[in-house]
Amino acid sequence: MDDQPRLMHSSHGVGMAGHPGLAQHMQDSTGGADGEGRKQDIGDILQQIMTITDQSLDEAQARKHALNCHRMKPALFNVLCEIKEKTVLSIRGAQEEEPPDAQLMRLDNMLLAEGVSGPEKGGGSAAAAAAAAAAGGGGPDNSAEHSDYRAKLSQIRQIYHTELEKYEQACNEFTTHVMNLLREQSRTRPISPKEIERMVNIIHRKFSTIQMQLKQSTCEAVMILRSRFLDARRKRRNFNKQATEFLNEYFYSHLSNPYPSEEAKEELAKKCSITVSQVSNWFGNKRIRYKKNIGKFQEEANMYAARTAVTATNVSTHGSQANSPSTPNSAGDTSPC
DNA sequence: TGTTATGATTCAAC
DNA sequence: GTTGAATCATAACA
C-alpha cells in the first residue's frame with residue numbers, strides 16, 4: 001500500500017504530474033533528441049518485459065529490480081493502469097448495474113417471519129403457534145409436538161447463524177488476503193486502488209450469492225419442518241372409551257337438541273380430557289352421521305336412553321343432581337334433531 | 001388387504 | 001362464529 005503512490009507518480013522529474021499518461025508524455029517530448037531517446041527507452045523496457053520469462057530466476061529478479069528502478073516505469077504503469085481501467089469499464093459497463101434482488105428480500109422476510117433471523121420470538125414462531133391453535137390448541141400431545149417443533153426450529157436457527165458467521169468470517173479473511181495480494185502485486189503489475197476496490201466488490205458479491213444459498217436452504221428446512229408439523233395434526237387418535245361414553249351419553253340424552261352450550265362443551269372437554277374444539281367436532285360428526293343412518297344408531301340410542309333413565313331414577317331417589325353436564329334443553333329426549 | 005369407524009378439515013350458508 | 005355436508009386420513013377390525 002505504501003508503495004502505491006510511489007509507483008503511480010514519478011519522482012524522477014519526467015513530468016507525470018497531473019497524470020498525463022505516456023501519450024501525453026510522448027507528445028510533450030516529440031521532436032528533440034531527448035524524445036528519440038525516450039522512445040528508445042520505452043522500446044527497451046517493453047523488450048525487457050517481453051523476454052523476462054525466458055530468463056533464469058536470478059536474471060529475472062535482477063531485471064525486475066532494474067525495471068522497478070527505471071525512470072520510465074511510473075509513466076508506463078500509469079498508462080497501463082489507464083488502459084486496463086478503460087478496458088474493464090467498457091467490458092463490464094452495464095453488467096455491474098444489479099437490480100434489487102426480490103428473491104433475497106423474500107427469503108429475508110420469510111426467515112424473519114419464522115423467527116430464524118432477527119430477534120428470537122420466545123423460542124418459536126408465530127406460524128407454529130397459529131398452527132397449534134388451529135389444531136385444537138392445547139391437548140397434551142399437541143403441546144408436546146409444538147415444543148418439538150420449537151426445538152427443531154431453534155436448531156435450524158442456530159445452524160443458520162453459525163453458518164452465516166462462518167461465511168462472513170471467511171469473506172473478511174479472503175477479502176483481506178486478496179487485498180494484500182493485489183497490493184503486493186501492484187509493485188510489479190499495474191494495479192490501481194480502484195481495481196482493488198472493484199475486486200473486493202466482486203468477492204463480496206460472490207459471498208452474497210453463497211449467503212443467499214444458505215438462506216434458501218434454511219427456508220427449505222423450515223418449510224419441511226412446518227409441513228411435517230402440520231401433517232402431524234392430521235394424525236387421528238381415537239378418544240378413549242370413557243370419553244366416547246361421556247359424549248354419547250350427552251348426545252342421546254339430548255337427542256331432540258344435541259347442541260351443547262359452550263359451558264357444556266367445556267365441561268365435556270374436561271371430563272373427556274379433550275379440547276372444546278374436539279367436542280365440537282365430535283358433535284358435528286355425530287349429528288350428521290346419526291341423521292344419515294338413524295336405524296344403525298337405534299340400538300346405541302336405546303342403550304344410552306336406558307342408562308339415562310336409570311341415572312334419572314337414581315337422581316330422584318337420592319335427591320342428588322345428575323352427572324351429565326348442564327344444557328339449555330331438557331334431558332331424556334329421544335326425538336332426533 | 002379391503003372395509004368400516006371415526007376424528008379432523010374444508011367450505012358454503014346463516 | 002356456528003353448523004351441516006362433503007371429504008380426507010388413518011385406526012381398527014374381519
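Below, chain A is the first sequence line, B the second, and so on; all start at residue 1.
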Same hydrophobic cluster for Val178(A) and Ile196(A), using side-chain heavy-atom links shorter than 4.5 Å among ILVMFWY?
-> yes
Under 3.5 Å, which protein N or O atoms sit close to an N or O of nucleotides 1-3 of chain C? Give each pair with its distance.
unit_1 : atom_1 : unit_2    : atom_2 : d
dT3(C) : OP2    : Lys265(A) : NZ     : 3.4

In terms of side-chain geometry, is the basic nitrogen of Glu300(A) or Lys286(A) positioned less than 4.0 Å from the acidic oxygen of its partner?
-> yes
Under-4.0 Å side-chain N/O to phosphate OP1/OP2 contact, Asn281(A) with dA8(B) | yes
When rounded to the nearest 0.5 Å, the distance separating OG1 of Thr244(A) from CD1 of Ile274(A) is 8.5 Å
For Lys241(A) and dA11(C), what is the distance between atoms NZ and C1' respectively, to the nearest whole Å?
-> 17 Å
Aromatic rings Phe174(A) and Phe207(A): how do their planes relate, parallel, tilted or perpendicular, breaks at 30° and 60°?
-> tilted
Atom NZ of Lys241(A) and atom CG of Asn248(A): how far apart are they, to the nearest 0.5 Å?
-> 11.5 Å
Rounded interatomic separation in angstrom, taking CZ from Phe283(A) and P from dT9(B) = 19 Å
Are there any protein N/O atoms within less than 3.5 Å of an N/O atom in nucleotides 4-6 of chain B, and if so, which ones and at what distance?
unit_1 : atom_1 : unit_2    : atom_2 : d
dT6(B) : O2     : Arg236(A) : NE     : 3.0

Phe297(A) and Tyr252(A) aromatic centres sub-6.0 Å | no
Strictly under 6.0 Å, is that where the ring centroids of Phe283(A) and Tyr250(A) end up?
-> yes
Between CD1 of Ile288(A) and P of dA5(C) the distance, given in whole Å, is 4 Å
May I ask you to decide whether Lys194(A) forms a salt bridge with Glu197(A), counting only side-chain N to carboxylate O separations under 4.0 Å?
-> no
